[in-house]
Number of protein chains: 2
Amino acid sequence: MQKTSIATPKTVHVNCSDCPIRHRAVCARCDDDELERLEEIKYYRSFEAGQTVVWSGDRMDFVASVVSGIATLTQTMEDGRRQMVGLLLPSDFVGRPGRETAAYDVTATTDLVMCCFRKKPFEDVMMATPHVGQRLLEMTLDELDAAREWMLLLGRKTAREKIASLITIIARRDASLAARKNGGPVVVDLPLTREAMSEYLGLTLETVSRQISALRRDGVIEIEGKRHITIPDFDRLIEEAGDDADGGFLV
Amino acid sequence: MQKTSIATPKTVHVNCSDCPIRHRAVCARCDDDELERLEEIKYYRSFEAGQTVVWSGDRMDFVASVVSGIATLTQTMEDGRRQMVGLLLPSDFVGRPGRETAAYDVTATTDLVMCCFRKKPFEDVMMATPHVGQRLLEMTLDELDAAREWMLLLGRKTAREKIASLITIIARRDASLAARKNGGPVVVDLPLTREAMSEYLGLTLETVSRQISALRRDGVIEIEGKRHITIPDFDRLIEEAGDDADGGFLV
DNA sequence: GCATATGTTTGATCTAAGTCAATGCCTGAA
DNA sequence: TTCAGGCATTGACTTAGATCAAACATATGC
């Protein structure tokens with residue numbers, strides 16, 4: 001894998017109103033002056049599927065949020081065992097104000113566009129505008145909750161439950177709420193390879209494959225091609241995931 | 001298990017300088033006026049080992065930090081499978097500004113004293129004094145890093161590595177750095193039962209017991225009684241945990 | 001149209017950790 | 001001093017998921 005260069009803004013068709021920092025309301029309460037400051041230090045980078053954004057331990061002098069596509073945070077042990085510890089969907093945030101180097105490998109699993117802010121100026125804006133820091137705290141607390149849900153999955157769920165859980169997690173962020181509420185079939189495209197799923201779930205990819213086949217055999221999901229899934233009965237899937245019916249609405 | 005009442009301040013011998021919020025420098029940059037406000041809304045509660053602080057789903061109208069003793073956050077599945085998702089040592093923080101109900105069971109695993117702040121006034125102080133929010137963000141980011149380390153443990157480590165990891169985690173917060181640096185033996189008292197350890201590690205308590213015995217047989221640790229452990233060679237233990245030699249200094 | 005690469009499925013076998021069950025070891029109450 | 005009730009250990013057996021290995025399905029380039 002090779003490192004990528006910064007995309008020139010003109011190759012990336014994103015305008016301010018698409019910026020996820022704005023989208024997720026960091027700036028909702030900022031005045032024009034503050035917005036202006038964020039605008040100035042903002043730039044876009046894009047990556048192709050499979051490219052690495054930064055390696056764990058590398059210097060990382062920006063923070064960013066995902067505009068489109070999917071990125072992962074992964075930890076690696078010396079002998080090569082890998083565990084995904086973060087899945088970044090559009091509007092999610094990466095990077096830690098006040099830290100020099102990346103703590104995890106950050107990888108684009110699909111084509112990816114990120115909205116970046118150089119760290120130092122971003123920290124200055126944070127100091128000057130409490131709202132930005134407050135929004136960041138809120139987002140970090142959400143991530144912590146998600147991490148704790150994930151810990152339950154890793155520590156206590158069976159392989160089948162893990163697969164069902166992952167599909168619900170992706171469907172919840174992906175599919176229209178409407179489709180889920182009215183009990184109609186839900187359609188999702190898995191944005192991850194079987195290997196990436198195995199790194200998310202703490203399984204081997206063979207086990208992932210077998211359990212997906214099993215869920216299909218049992219009619220819990222239907223599959224077209226490798227990645228396109230339809231869920232005829234979302235409540236049934238939630239049951240298979242071992243979650244409370246409403247657990248996912250917390251996050 | 002029974003719910004506990006609020007301890008009267010006079011039964012708890014803690015003064016302001018012991019307050020962990022202060023200790024962890026939330027207030028280091030606050031002026032006297034701001035400190036005063038935190039003082040006013042602060043009170044102490046104490047719990048006996050085994051008592052539950054709050055149940056998941058219960059109303060929780062305070063945030064708190066641990067003064068002394070140990071508390072755990074645990075998630076429970078409908079069929080009773082349990083996974084610990086937080087281990088609170090002195091100076092750690094619990095509770096989420098802006099959330100009504102507890103998301104996890106909070107339990108005292110030893111006798112416990114907590115420094116509590118009623119949520120609403122605490123939120124007001126946060127709004128008024130950015131430093132408090134900034135400190136909270138920093139602490140939350142630390143917790144998120146710890147959670148991600150924990151996810152690697154749950155997803156990819158063997159039972160033996162899990163046990164070794166847990167001992168290093170406790171030793172790192174417990175034992176004097178001096179003893180670890182100069183290569184001398186490190187002494188720790190495990191503050192958890194075998195069952196609590198199994199809930200932390202995503203194992204059964206039998207496996208925990210067996211692996212502790214195995215580490216003892218192999219000379220990695222020495223045990224007196226059930227809980228008192230000495231580690232003759234800390235680097236050896238870190239190796240058994242499957243961690244990089246310096247991994248733990250990040251957190 | 002064939003070759004190569006990448007991702008995926010499926011089968012056969014093995015093993016680490018779980019389950020079930022018995023026993024041991026303290027501590028504190030009667 | 002002995003009995004109970006928690007913890008903890010250890011053993012025998014089972015099993016979910018890992019490992020090893022083969023085959024299959026698309027896509028890309030030649």
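A, B, ... follow the sequence lines: proteins, then strands. Residue 1 opens every chain.
With rounding to whole Å, I229(B) atom CD1 is found 11 Å from dA8(D) atom P. Residue I212(B) contributes atom CD1, which lies 8 Å from atom P of dA8(D) at whole-angstrom precision. Atom CZ in R81(A) sits roughly 13 Å away from atom C1' in dA16(C) (whole-Å rounding). Distance R156(A) CZ to dA17(C) P: 13 Å, rounded to the nearest Å. Look at CG on D79(B): it is 15 Å from C1' on dG18(C), rounded to the nearest Å. Spacing between atom CG of L190(A) and atom C1' of dT8(C) amounts to 13 Å, rounded to whole angstrom units. The distance between atom CG of L154(B) and atom P of dA17(C), rounded to the nearest whole Å, is 13 Å. In this structure, I223(A) atom CD1 and dG7(C) atom C1' are separated by 14 Å, rounded to whole Å.
Near DNA chain D, defined here as any heavy-atom distance below 4.0 Å, the residues from residues 193-207 of chain A are G202(A), L203(A), T204(A), E206(A), T207(A), listed numerically.
Exactly one of I231(B), D243(B), V186(B) qualifies for a side chain to side chain contact (heavy atoms under 4.5 Å, CB included) with L237(B). That residue is I231(B).
A donor-acceptor pair is defined here as one N or O able to donate and one able to accept, closer than 3.5 Å; no such pair exists between the side chain of K157(B) and the backbone of K162(B). Looking at S56(B), its side chain does come within 3.5 Å of a backbone N or O of A103(B) through a donor-acceptor pair. With hydrogens and angles ignored, the 3.5 Å screen pairs a side-chain donor or acceptor of T109(A) with a backbone N or O of I70(A).
Contacts of R160(A) with the nucleic acid, taken as non-hydrogen atoms under 4.0 Å apart, are absent.
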With the criterion being N/O to N/O and under 3.5 Å, what pairs connect the protein with nucleotides 24-27 of chain D, and how long is each?
none

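Contact annotation: R210(B) does not reach the phosphate of dA16(C) (side-chain N/O to OP1 or OP2, under 4.0 Å). Residue R227(A) places at least one side-chain N or O under 4.0 Å from the OP1 or OP2 atom of dT8(C).
Within a 6.0 Å radius of CD in E239(B), no more than 12 heavy atoms belonging to other residues, nucleotides or ligands are found.
A cation-pi arrangement is present between R45(B) and F62(B), with the terminal nitrogen or guanidinium carbon under 6.0 Å from the aromatic centre and inside a 45° cone about the axis.
In the set dG17(D), dT8(C), dT10(C), the nucleotide with an atom closest to the side chain of R216(A) is dT10(C). For A159(B), counting side-chain heavy atoms from C-beta on, the closest listed nucleotide (dA17(C), dT10(D), dT10(C)) is dA17(C).
By the 4.5 Å heavy-atom criterion applied to side chains, R173(A) and D92(A) are counted as neighbours.
Salt bridge present: R81(A) and E161(B) bring a charged side-chain N and a carboxylate O closer than 4.0 Å.
Taking for each of S213(B) and T158(A) the nucleotide of DNA chain D with the nearest heavy atom, the 5'-most of the two is the partner of S213(B).
Here ring-ring contact (aromatic ring centres under 6.0 Å, His included) pairs that include residues 200-225 of chain A, with residues two or more places apart or in two chains, are W150(A)-Y200(A).
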